[in-house]
Amino acid sequence: MSSEPTRGKPVRLALLGCGTVGAEVVRLLHEQAGDLTARIGAPLELVGIAVRRPGRQRGDLPVDRALFTTDALGLIKRDDVDVVIEVVGGIEPARTWIVEALRAGKSVITANKALLAEDGGTLHDAAADGGADLYYEASVAGAIPLLRPLRESLHGDRITRVTGIVNGTTNYILSSMDTTGAGFTEALEEATELGYAEADPTADVEGFDAAAKAAILASLAFHSRVTAADVFREGMTGVTAGDVASAKEMGCTIKLLCLAERGPDSRGAESVSVRVHPAMIPRSHPLASVGDAFNAVFVEAEAAGQLMFYGRGAGGTPTASAVLGDVVAAARNRLAGTRAPSESVYAHLPIRPIGEAVTRYHISLDVADRQGVLATVAGVFAKHEVSIATVRQSGREADATLVIVTHGAPDSHLAATVAELEQLDIVRSIASVLRVEGGA
Ligand code: NDP
Ligand code: HSE
């Protein structure tokens with residue numbers, strides 16, 4: 001604790017939500033009160049906490065129980081509330097609360113990636129209307145300072161690409177499959193037992209959580225409004241132990257990636273492509289060594305070159321660290337009579353369809369091991385202008401498998417290739433189609 005004297009009148013906080021993240025916000029506010037006061041130049045005072053069940057036991061949380069209420073809107077509207085922290089989640093009523101607070105000129109800190117990705121524009125518009133600050137560092141990659149670098153530090157540069165592992169649950173599962181050779185179901189069970197995966201892991205394993213984060217990152221990186229609906233999304237439930245083994249043979253590992261990149265569309269117009277899907281990446285890629293439930297984001301910018309951000313992307317305490325950083329910034333702004341940088345969407349870049357995204361592919365086919373089969377399969381790739389880089393056959397006769405890796409090709413060309421291969425008698429099944437990212 002610092003002995004720095006208090007210099008200003010308190011900055012008053014309303015907390016909406018006191019679950020995994022909110023409880024840790026309360027704890028850190030209490031434990032670090034002295035230092036926070038010294039850094040801000042005024043004390044922070046928690047004046048109310050809105051929850052669903054005010055009578056619920058909350059362990060040894062260092063807080064006066066009289067602060068709990070179910071009336072979130074009433075709390076937000078109080079004249080003595082300066083800053084509102086929203087850690088409830090979901091679209092409604094969170095959107096209504098945040099808009100109400102911002103329009104009333106109160107600073108808002110939120111970790112709500114789902115809402116920001118679905119309707120961030122409404123929140124930013126309300127912040128502009130109310131002349132208020134909207135901070136959301138915790139919404140992407142938990143504790144990792146990532147949005148402030150994109151929103152401020154890199155504003156003198158031109159970002160070309162953002163590639164990230166932004167979901168801890170799926171990274172734990174894929175890392176475990178890579179290390180132990182386990183299948184998806186077994187690795188998911190382990191992640192659930194260890195508390196990484198939620199009881200309903202759909203948002204994580206189907207890529208919804210990563211897609212929301214991808215939309216937020218793309219909006220900031222490319223100065224354009226990108227929503228979750230603009231993000232191409234493919235989950236990782238189809239990744240098999242065979243895919244992981246095949247990736248290993250190629251010197252690769254499989255990660256659920258979020259990729260946002262700017263570049264020309266098919267007519268040469270500048271555009272943005274945003275996608276979330278499992279992909280093979282070379283083991284030499286900086287993201288390949290990101291294991292366990294960690295997150296990492298690799299940013300490429302014209303002047304800065306390559307930057308890597310790494311750390312804990314989830315969990316109450318790490319996420320509360322990001323929330324508290326935003327609280328300090330918002331409190332300082334209020335005391336100085338200044339504001340956070342407003343939304344920057346001047347570029348208005350359109351979204352490039354997934355069909356135009358150029359990637360390399362790894363395709364595994366179960367085929368009949370007969371003369372001419374390879375030539376027929378290769379002919380289908382050539383017809384759709386997908387160039388083959390390598391072909392490997394394993395097994396014989398009824399058990400033959402062809403593993404084909406292509407050079408870069410538009411997604412629509414690959415889709416047409418796969419559709420035609422599926423119609424061939426000699427192809428018994430297409431075991432997997434995986435994108436290959438990073439490296440030459
Ligand atoms: P929890 O489910 O643990 O907590 C939610 C809190 O909101 C609870 O305190 C609950 O009250 C309260 N609440 C729910 N509905 C209402 C309502 N209608 N009115 C008032 N209070 C309500 O969520 P998390 O703490 O895990 O997540 C909060 C936010 O942070 C979400 O947006 C999430 O996406 C984001 N986030 C979470 C991370 C994490 O690791 N958990 C990481 C990064 C972001 P009660 O306690 O009474 O049930
Ligand atoms: N379910 C998310 C994850 C929490 O696994 O990363 C953080 O957003």
Side-chain angles (χ1 to χ4, degrees), residues 14-27 48-59 61 63 65 67-76 84-98 108-118 123 136-144 146-147 164-175 188 191-192 194-214 216-217 236 256 258 276 290 292-297 311-323 326:
L15 179 65
L16 314 181
C18 193
T20 306
V21 179
E24 289 307 305
V25 168
V26 171
R27 203 178 303 282
I49 305 173
V51 292
R52 201 173 23 190
R53 297 162 293 172
R56 184 183 162 198
Q57 280 305 315
R58 292 172 201 273
L61 206 59
V63 70
R65 296 203 66 84
L67 292 184
F68 286 99
T69 174
T70 53
D71 183 10
L73 211 48
L75 176 60
I76 292 162
V84 174
I85 304 168
E86 185 274 313
V87 281
V88 168
I91 307 302
E92 285 294 352
R95 175 170 44 201
T96 300
W97 295 338
I98 292 175
V108 170
I109 319 298
T110 178
N112 195 332
K113 60 217 157 190
L115 174 56
L116 285 155
E118 178 161 314
L123 308 190
Y136 45 100
E137 183 65 62
S139 65
V140 181
I144 306 175
L146 173 63
L147 302 196
I165 295 170
V166 291
N167 184 269
T169 305
T170 50
N171 200 48
Y172 183 87
I173 294 169
L174 288 168
S175 300
L188 172 61
T192 310
L194 290 171
Y196 288 116
E198 295 187 30
D200 178 2
T202 311
D204 293 321
V205 299
E206 295 297 352
F208 291 102
D209 176 77
K213 293 165 179 168
I216 296 168
L217 290 175
M236 46 73 70
L256 183 74
C258 93
V276 166
V290 177
D292 209 61
F294 279 87
N295 282 195
V297 177
R312 293 195 185 280
T317 314
T319 307
S321 161
V323 170
D326 283 350

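Just follow the structure's listing: the first ligand is 1, and inside any ligand the first atom is 1. As the structure is a prediction and not an experimental result, all values here were calculated from the model.
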Report summary line: Scanning both residues in full, the closest heavy-atom pair of L61 with R27 reads CD1-NH2, 3.8 Å

Report task. For ligand 2, list the protein residues that place a heavy atom within a distance below 4.0 Å of one of its atoms, sorted by chain and number. Result -> K113, N167, G168, T169, D204, D209, K213, G313, A314

Just list the N/O pairs, ligand 1 to protein, that are under 3.5 Å apart, with the distance for each.
| unit_1 | atom_1 | unit_2 | atom_2 | d |
| --- | --- | --- | --- | --- |
| ligand 1 | 3 (O) | T20 | N | 2.9 |
| ligand 1 | 3 (O) | T20 | OG1 | 3.1 |
| ligand 1 | 9 (O) | C18 | N | 2.8 |
| ligand 1 | 9 (O) | G19 | N | 3.1 |
| ligand 1 | 11 (O) | R52 | N | 3.2 |
| ligand 1 | 21 (N) | R52 | N | 3.3 |
| ligand 1 | 25 (O) | T20 | N | 3.2 |
| ligand 1 | 25 (O) | V21 | N | 2.9 |
| ligand 1 | 34 (O) | K113 | NZ | 3.4 |
| ligand 1 | 40 (O) | G315 | N | 2.7 |
| ligand 1 | 46 (O) | R56 | NH1 | 2.7 |
| ligand 1 | 46 (O) | R58 | NH1 | 2.8 |
| ligand 1 | 46 (O) | R58 | NH2 | 3.3 |
| ligand 1 | 47 (O) | R52 | N | 3.1 |
| ligand 1 | 47 (O) | R53 | N | 2.7 |
| ligand 1 | 47 (O) | R58 | NH2 | 3.0 |
| ligand 1 | 48 (O) | R52 | NH2 | 3.0 |
| ligand 1 | 48 (O) | R53 | NE | 3.1 |
| ligand 1 | 48 (O) | R53 | NH2 | 2.6 |

Report summary line: Here the pair of heavy atoms bringing F68 nearest to V63 is CE1-CG1, 3.9 Å

Query raised in the report: Quick one: does D292's side chain have a donor or acceptor within less than 3.5 Å of a partner on Y172's backbone?
Result: no

Query raised in the report: Is the closest side-chain heavy-atom distance between V297 and I144 below 4.5 Å?
Result: no

Report task. Taking all heavy atoms of L217 and all of C258, pick out the closest pair and write down the distance. Result -> CD1-SG, 4.1 Å

Query - Nearest atoms (heavy-atom pairs only) where T70 meets R52 - result: CG2-O, 3.7 Å

Show me, pair by pair, the donor-acceptor contacts under 3.5 angstrom made by side chains of residues 311-322, not counting sequence neighbours?
| unit_1 | atom_1 | unit_2 | atom_2 | d |
| --- | --- | --- | --- | --- |
| T317 | OG1 | E24 | OE1 | 3.1 |
| T319 | OG1 | G315 | O | 2.6 |

Query - Residues which pass side chain to side chain contact (heavy atoms under 4.5 Å, CB included) with P93, listed by chain and number, not counting sequence neighbours - result: W97

Report task. Measure the shortest side-chain to side-chain distance between I216 and K113 over non-hydrogen atoms and say whether it is less than 4.5 angstrom. Result -> yes

